[in-house]
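In what follows, a single structure is set out as structure tokens and then discussed.
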There are 2 protein chains.
Amino acid sequence: MAGTAEQGTRRRADARRNEEALLDAAAAAFVASGVEAPVRDIAARAGVGVGTVYRHFPTRADLVVAVYRHQVEACVEAGRTCLDEEPTPYAALARWIDMFVDFLVTKHGLATALRSDSERFDALHSWFLDRLGPVAARLIEAAVDAGEIRSDIGAYALMRGVGNLCIGAENDPRYDARTLVGVLIAGLRLPDRSG
Amino acid sequence: MAGTAEQGTRRRADARRNEEALLDAAAAAFVASGVEAPVRDIAARAGVGVGTVYRHFPTRADLVVAVYRHQVEACVEAGRTCLDEEPTPYAALARWIDMFVDFLVTKHGLATALRSDSERFDALHSWFLDRLGPVAARLIEAAVDAGEIRSDIGAYALMRGVGNLCIGAENDPRYDARTLVGVLIAGLRLPDRSG
DNA sequence: CTAAGCTACGGAACGACGTTCCGCTTAGCA
DNA sequence: TGCTAAGCGGAACGTCGTTCCGTAGCTTAG
């Protein structure tokens, strides 16, 4: 999905080197200026031309995906284990969402990029959803089956909602995305009928 | 805040005419292509040059503000009356938020523009907050005083949260912003102690 | 070790954007 | 009817993501 080729073999040495340099440079640029860092800046940081960036990563979004791939996969993995580790499905969902929020607000502007203006980040957007959607779906299903939360909110809607709430969450003391996401998740709860 | 001059008098006739045409053209363009409609398109629609747009409205955001000014003022007004018309402060808050959501999702991409990438729409963003923030604050305060909702969510955070939830809410059957905002507002509730 | 051949490179160029600038048009007044 | 400044149009600038193409240089066959 990212532009990276599969084999390290069968490719020229400088190509492999440049791809590595590009990933490092992009990661650094994203930390310094957020995910909206211009392609030219990333290319300059890596000491290559813009053309090289686009041969390795067909589009800006593919580069972002490649940089954050590991962490997203970790998120997917965490979703699998959460259900076993937490006492209730709702607690598992809450914890997993919290991890997701962590990820989104840690990377400057990732959330913004995720649902940015239009098609520019479509690849990023759909990759995130494809990867994390099923995880969220499973957690939600479990909580619904346990009668803990309302059943009319789909995984897609919840993920997008959480993602949207995380937009522009840095550098603003008056807006704490984590708290608001907490409110949203609390709003999912159904009244406890067990008493 | 919008670039519009105060008096209709003391200005050349063509200037007044052009400003009117610009407002109409912008409104039409926003309906057709969303608030992100290019300035050139708006200028063309109005039959003027881009320079004319910028003399009347120093920045894109000012034009957006001018176009939606009436509706935002109506929102402010509604906030004042909601408290009297609804049985509880929480109901008033919920109804007002619903109106706000209506406004945001009706205008294609207004929510997106509100919290877009960076400084491009800063003027729009802060104008909205300045205008609607106090209204929200009053509704929240009333509901907190009545013991209906938690007290740790400020007006600013709530407005931004709702605005963010409305981002990209059109053209996507899987994502209903109104429902999610409903969940968020439900999450504000404190358990009823009156029994 | 050399030379051919093709992979991968650099960066100029393109088209979109918001915004600025300036020479000319023209409304409004005497 | 002419003067003058308010107002106009749109070329031009700097930003962006992306494309293109001439060429440098890695790789491998001989």
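Sequence lines set the chain letters: A, B, ... in the order given, protein chains first and strands last, and positions in each chain run from 1.
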Taking the inter-plane angle between the rings of B/F128 and B/F100 on a 0 to 90° scale, is it parallel (under 30°), tilted (30 to 60°) or perpendicular (over 60°)? tilted
Give me the ring orientation class for B/H125 and B/Y156: parallel if the planes are under 30° apart, tilted from 30 to 60°, perpendicular past 60°. perpendicular
For the hydrophobic clusters of this structure (ILVMFWY residues joined by side-chain heavy atoms under 4.5 Å, transitively), does one cluster hold both [X] and [Y]?
X	Y	value
B/V31	B/V53	no
A/V76	A/W96	yes
B/L129	B/V67	yes

Phosphate-side-chain proximity, [X] and [N], N/O vs OP1/OP2 below 4.0 Å:
X	N	answer
B/Y54	C/dT20	no
B/H56	D/dG7	no
A/T52	C/dA8	no
B/T59	C/dG18	no
B/N18	D/dG7	no

So which nucleotide from D/dG10, C/dA13, C/dA8 ends up closest to the side chain of A/A15? C/dA8
Nearest to the side chain of B/R55, heavy atoms from C-beta on, is which of C/dT20, D/dG7, C/dC9? D/dG7
Using heavy atoms to find the nearest nucleotide of DNA chain D for A/P38 and A/G51 separately, return the residue whose nucleotide is more 5′. A/P38
Using atom [atom1] of [X] as one end and atom [atom2] of [N] as the other, report the distance to the nearest whole Å.
X	N	atom1	atom2	result
A/R45	C/dG10	CZ	P	17 Å
A/F57	D/dT18	CZ	P	13 Å
B/L22	D/dG7	CG	C1'	13 Å
B/D41	C/dG15	CG	C1'	14 Å
B/E36	D/dC16	CD	P	18 Å
A/D62	D/dT19	CG	P	11 Å

B/R80 and B/E77 ion-paired at < 4.0 Å: yes
Tell me whether A/D152 is salt-bridged to A/R150, with the criterion being a basic N under 4.0 Å from an acidic carboxylate O. yes
Take A/V48 and B/R17, find for each the nucleotide of DNA chain C with the closest heavy atom, and name the residue whose nucleotide sits nearer the 5' end. A/V48
Anything under 3.5 Å between a protein N or O and an N or O of nucleotides 27-30 of chain D, put it in a table, one pair a line.
from, atom 1, to, atom 2, distance (Å)
D/dT27, OP1, A/A13, N, 2.7

